[in-house]
Amino acid sequence: LALRMLYSAPFFIAMAWWASRAPGTRRLTRADWRSLAALGFIGYYLASLLDFMGLAYITAALERLVLFLYPTMVVILSALVLRKPITRRAVLALLLSYGGIAVVFLRDLETAADPAALWTGGALVFGGAFLYAVYLVAAGGVIARIGAMRFPSWAMLASTVFVLLQFAMSMEMSARDLYQTSLDSGADDPLVFVLRNNHRGYVDILRAILGTSAVNRREASHGDRPRVPAPGRPRAGLRAQRRAGGDSRPRRPLRARRA
């Protein structure tokens with residue numbers, strides 16, 4: 001993870017610099033920096049840490065299934081925190097998603113040598129997915145303040161700092177041992193080792209950009225929705241205008257209206 005963050009960091013630095021050059025861009029306040037640090041810590045560092053910890057207990061196939069429940073968590077959190085309604089189609093999707101995960105999890109419990117390890121790994125990965133969902137829900141207000149291009153740049157750079165700090169404090173392997181670990185995992189060529197980590201870094205870049213764009217579009221679709229008056233009831237503004245005598249439409253004579 002530290003290598004992936006290092007490979008993607010130069011791109012995010014360039015993206016943050018480019019976004020800050022746009023005309024009319026305001027300077028980030030202390031509150032903005034605190035929000036970026038908190039969201040970077042929760043959304044990429046802590047969520048990824050729990051995900052990797054869970055992989056020590058469960059298979060990668062089950063980990064992927066549990067991890068990608070985070071869109072359903074975004075729907076539930078948006079309804080609870082932001083008061084956004086859940087449609088019937090979304091309810092059906094939630095039931096199918098969690099029902100499918102329950103079926104797979106129960107099947108793995110029947111064949112697991114250590115059920116406690118399966119529960120531990122599932123809980124860790126589920127916690128990582130939940131933290132990433134919290135990140136996506138909480139990011140909407142920050143994106144509206146600082147922009148959809150600057151937010152993923154600084155949030156990812158903040159998470160890079162946390163990842164590198166943990167790596168520096170817990171580093172027990174030398175560079176040679178780290179390279180030997182890469183050889184044991186199948187990368188028997190230095191070029192393959194570099195290209196593989198570059199590929200993972202590019203995936204992190206695309207995930208950050210596309211995720212931020214999705215949050216920005218979601219907030220715009222909910223925030224800019226016009227209010228439609230109830231059928232058969234005139235708008236309050238139109239009634240007030242008529243009372244004030246500002247209605248410029250010609251009125252029919254009284255006799256014609258009675259007829």
Side-chain angles (χ1 to χ4, degrees), residues 35-36 38-48 50-51 54 58 60-109 119 121-152 155-156 159 203-239:
S35 299
L36 288 169
L39 291 174
F41 177 81
I42 293 173
Y44 286 98
Y45 167 69
L46 194 55
S48 299
L50 293 179
D51 184 39
I58 61 177
L62 182 59
E63 177 264 345
R64 291 286 98 181
L65 290 175
V66 176
L67 182 64
F68 283 100
L69 284 175
Y70 76 86
T72 64
M73 301 177 192
V74 171
V75 174
I76 297 173
L77 288 174
S78 298
L80 295 176
V81 179
L82 305 179
R83 305 299 181 184
K84 295 181 179 178
I86 301 179
T87 63
R88 293 182 179 178
R89 184 178 298 180
V91 171
L92 178 61
L94 291 173
L95 294 176
L96 289 175
S97 299
Y98 287 97
I101 291 296
V103 170
V104 175
F105 202 83
L106 290 175
R107 186 199 63 182
D108 287 1
L109 277 176
W119 281 107
L124 287 171
V125 176
F126 188 86
F130 177 77
L131 288 178
Y132 190 66
V134 171
Y135 161 81
L136 291 176
V137 173
V142 184
I143 294 173
R145 293 200 309 267
I146 70 174
M149 192 171 181
R150 284 198 295 175
F151 173 77
M156 286 295 293
S159 64
V203 170
D204 289 336
I205 292 168
L206 288 176
R207 184 180 68 167
I209 295 175
L210 295 178
T212 304
S213 300
V215 173
N216 195 31
R217 288 177 178 271
R218 184 197 65 190
E219 293 297 323
S221 65
H222 285 280
D224 298 337
R225 185 178 298 172
R227 296 181 62 184
V228 181
R233 297 177 60 186
R235 297 182 181 180
L238 186 57
R239 291 201 304 265

**Asked** Which is it for L124 and I58 under the side chain to side chain contact (heavy atoms under 4.5 Å, CB included) test, yes or no, and what are the steps along the way?
**Response** CA-CA 10 Å; L124 287 171; I58 61 177; over 6 Å; no

**Request:** Answer yes or no: is there a donor N or O on one side and an acceptor on the other, between the side chain of R150 and the main chain of I146, under 3.5 Å?
**Result:** yes

**Asked** Within the distance-only criterion (no hydrogens, no angle test), does the side chain of S48 pair as donor or acceptor with the backbone N or O of Y45 below 3.5 angstrom?
**Response** no

**Prompt:** Does anything in residues 129-148 pair up under salt bridge (charged side-chain N to carboxylate O under 4.0 Å, His left out), and if so which pairs, sequence neighbours excluded?
**Reply:** D32-R145

**Of all pairs that satisfy salt bridge (charged side-chain N to carboxylate O under 4.0 Å, His left out), the ones with a partner from residues 127-137, not counting sequence neighbours** = none

How would you list, by chain and number, every residue that makes a salt bridge (charged side-chain N to carboxylate O under 4.0 Å, His left out) with [X], sequence neighbours excluded?
{"X": "R88", "value": "none"}
{"X": "D108", "value": "none"}
{"X": "R107", "value": "none"}

**Message:** If I compare all heavy atoms of L39 with all of A139, which pair ends up nearest, and what's the gap?
**Reply:** CD1-CA, 4.1 Å

**Least distance between heavy atoms, A47 atom then G43 atom** = CB-O, 3.5 Å

**Item:** Summary of ring pair (Phe, Tyr, Trp, His ring centres under 6.0 Å) pairs that have at least one residue in residues 75-95, sequence neighbours excluded
**Value:** none

**Item:** ring pair (Phe, Tyr, Trp, His ring centres under 6.0 Å) pairs, two or more places apart, involving residues 71-105
**Value:** F105-W119

Any chance you could measure [X], atom [atom1], to [Y], atom [atom2], to the nearest 0.5 Å?
{"X": "I86", "Y": "L92", "atom1": "CD1", "atom2": "CG", "answer": "13.0 Å"}
{"X": "M73", "Y": "S78", "atom1": "CE", "atom2": "OG", "answer": "13.0 Å"}
{"X": "L136", "Y": "I42", "atom1": "CG", "atom2": "CD1", "answer": "11.5 Å"}
{"X": "T72", "Y": "L96", "atom1": "OG1", "atom2": "CG", "answer": "11.5 Å"}
{"X": "S159", "Y": "L46", "atom1": "OG", "atom2": "CG", "answer": "11.5 Å"}

**Worked verdict on L50 versus V125 for side chain to side chain contact (heavy atoms under 4.5 Å, CB included)** = CA-CA 6 Å; L50 293 179; V125 176; over 6 Å; no

**Asked** Does R83 CZ have over 12 foreign heavy atoms under 6.0 Å away?
**Response** no

**Message:** Test of understanding: with side-chain contact (heavy atoms from CB on, under 4.5 Å), list the residues that count as partners of R89, not counting sequence neighbours.
**Reply:** T87

**Asked** Can you list the residues that meet the side-chain contact (heavy atoms from CB on, under 4.5 Å) rule with L77, with sequence neighbours excluded?
**Response** F130, A133, V134, V137

**Message:** Does the plane of the ring in Y44 sit parallel, tilted or perpendicular to the ring in Y135? Use 30° and 60° as the thresholds.
**Reply:** perpendicular

**Prompt:** Taking F126 as the fixed residue, which of V66, I101, L131 is the one that meets the side chain to side chain contact (heavy atoms under 4.5 Å, CB included) rule?
**Reply:** V66

